[in-house]
Number of protein chains: 2
Amino acid sequence: MNFTVAEENYIKAIWHLQRYNNDVTTNLLAGQLNTRPASVTDMLKKLKTKKLVHYEKYHGFSLTSEGKKIALGIIRRHRLWEFFLAEKLHFDWDEVHDIAEDLEHVSSKKLIDKLDEYLGFPKVDPHGDPIPDNQGKMETSSAIGLHELELNKTAEVSGVGNQSSELLELLKHKNIRIGTKLEVKKRFEFDQSLEIKIRNLPAFTISEQLAKNLLVKYGK
Amino acid sequence: MNFTVAEENYIKAIWHLQRYNNDVTTNLLAGQLNTRPASVTDMLKKLKTKKLVHYEKYHGFSLTSEGKKIALGIIRRHRLWEFFLAEKLHFDWDEVHDIAEDLEHVSSKKLIDKLDEYLGFPKVDPHGDPIPDNQGKMETSSAIGLHELELNKTAEVSGVGNQSSELLELLKHKNIRIGTKLEVKKRFEFDQSLEIKIRNLPAFTISEQLAKNLLVKYGK
DNA sequence: AATTAAATTTAGACAAATCTAAAAATTAAT
DNA sequence: ATTAATTTTTAGATTTGTCTAAATTTAATT
């Protein structure tokens, strides 16, 4: 089966929302896709006839297992292109997302498998998100939010909570990237801000909001 | 300005047809695009309002200089991706065209310029067609059809007349590719077929039609 | 030059994806 | 348990790109 760009964007958005929300709603999806709730309803009907979502009107929706499979294919394409853009074309990590949004809809299976091989079967994209293999399987991350890291334990940044250019710009400014090793030295109760330290550089403070969007793994 | 995939396909098709036909007609373009003459008329009106074609109804059409500029941008993207697919991902030359048809519509200028640099600013694609640079300029080829090559003069294959998988399959079977050196030993008047020789291999015969679709340059 | 043939354009319809405004269903609140 | 607020869906329109069938224009032929 073949899908339109619009269909793929809906499938992908539902998949992403399902990850962090117990139930995905019409309004939420409309917000995510910059469209209107009425348009979402229309598309849900269409995706239902294609057996990509379970959907009962007024009672929510979710991806079928077939829908999830399609979603993982799109995400695989997206993240492989992101890796290519960063690694081979030397794009900054805050530039790759938008271009990959377009490239991900080129759906030749052979192209993507050869690209994967050419890139050396990478396991994570430039934001630390895992890349599904050609069977749709991917690493499950043991990462936690920086806000839940214990004090004075070294951890390594392994991902970010989202790909907004705002977040990535801030991280670039603070010199934090995937692989950066750091420790939390102090937690301020007033606003839940954290004082962190990177190597032997002067300690500095980051907001609770930023901390929640920084994924880290324990271990030197 | 930004263009839809449909618009880009029309612009590109007109550009290609203009190269080999004095005047491009509605029917010809419809045939090329696998669509109906009525659809072509509709699109021509649209492209006229965007100043990409000169068009007076019942009296033909052609690309404006702006239209040509857009066309060269699309062709640049197409041929760079073809080069990438063949050179980096090791696709056969008869597989690259269809995939590049999709990739060419991803229109980030920065992406294409960085891709160009990454590939080492190639001058021709895997079929021997010249790749426009980021100013839209490209090599003008001195190639001639194999059917007009003088007898017993060595020449080198530099391109093919079209990218149909049928032609490319035939060439693969006959072991002819870009860079192959050959000579025409004899021309048969009856059907204009040619006997050709490649290196020290046994001579063999090719049809007039194939000869016309093989572009060669003189010189060892 | 009149008629026939071919090419092109118009008119009207349709599918995809979207929208606004109104109606219906669900959920929350008094 | 009604009423009010929110969410979701329907109804009807719009845009893009396409189609068929009919009408028009141009070109070819006798």
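The figures that follow rest on heavy atoms only: side chains count, while hydrogens, waters and symmetry mates do not. We name chains A, B, ... by the order of the sequence lines, and we start the count at 1 in each one.
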Report the residues that fulfil salt bridge (Lys or Arg N to Asp or Glu O under 4.0 Å) with A/K109, sequence neighbours left out, ordered by chain and then residue number.
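With sequence neighbours excluded, A/K109 shows a salt bridge (Lys or Arg N to Asp or Glu O under 4.0 Å) to A/D113, given in chain and number order.
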Sequence neighbours excluded, which residues qualify as salt bridge (Lys or Arg N to Asp or Glu O under 4.0 Å) partners of A/E208?
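Scan of A/E208 (salt bridge (Lys or Arg N to Asp or Glu O under 4.0 Å), adjacent residues dropped) gives A/K212.
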Does OP1 or OP2 of C/dC19 have a side-chain N or O of A/S39 closer than 4.0 Å?
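Yes, within the criterion.
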With sequence neighbours excluded, what pairs up with A/R77 under the side-chain hydrogen bond (donor to acceptor under 3.5 Å, both in side chains) test?
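Result, side-chain hydrogen bond (donor to acceptor under 3.5 Å, both in side chains) vs A/R77: A/E8.
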Indicate the atoms forming the closest heavy-atom contact of B/K114 with A/H90, along with that distance.
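For B/K114 versus A/H90, the nearest heavy atoms are NZ-O, 3.3 Å.
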Could you run through nucleotides 6-11 of chain C and give me one letter per nucleotide, 5' to 3': B if any protein heavy atom sits under 4.0 Å from the base, S if only the sugar-phosphate is that close, - if neither?
-SBBB-
Please report the distance, rounded to the nearest Å, between [atom1] in [X] and [atom2] in [N].
X	N	atom1	atom2	result
A/M43	C/dA16	CE	C1'	8 Å
A/K48	D/dT9	NZ	P	11 Å
B/N2	D/dT16	CG	P	14 Å
A/D23	D/dT8	CG	C1'	14 Å

Mind checking ring pair (Phe, Tyr, Trp, His ring centres under 6.0 Å) for B/H147 and listing every partner two or more places apart, or none if nothing turns up?
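With sequence neighbours excluded, B/H147 shows a ring pair (Phe, Tyr, Trp, His ring centres under 6.0 Å) to no residue whatsoever.
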Considering residues at least two apart in sequence or located in another chain, which fulfil the ring pair (Phe, Tyr, Trp, His ring centres under 6.0 Å) criterion with B/F84?
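Only A/F84, B/W81 meet the ring pair (Phe, Tyr, Trp, His ring centres under 6.0 Å) criterion with B/F84.
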Please list every donor-acceptor pair under 3.5 Å in which a side-chain atom of residues 126-136 of chain B meets a protein atom from a residue at least two apart or in another chain.
residue: B/H127; atom: ND1; partner: B/E82; partner atom: OE1; Å: 3.0
residue: B/H127; atom: NE2; partner: B/W93; partner atom: O; Å: 3.0
residue: B/D133; atom: OD1; partner: B/Q135; partner atom: N; Å: 2.7
residue: B/D133; atom: OD1; partner: B/G136; partner atom: N; Å: 3.0
residue: B/D133; atom: OD1; partner: B/K137; partner atom: N; Å: 3.0

With ring pair (Phe, Tyr, Trp, His ring centres under 6.0 Å) as the rule and sequence neighbours excluded, what pairs involving residues 12-54 of chain A come up?
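For residues 12-54 of chain A, and leaving out neighbouring residues, there are no ring pair (Phe, Tyr, Trp, His ring centres under 6.0 Å) pairs at all.
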Tell me which residues in residues 4-16 of chain B lie within less than 4.0 Å of DNA chain C, going by non-hydrogen atoms.
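Nothing qualifies; none.
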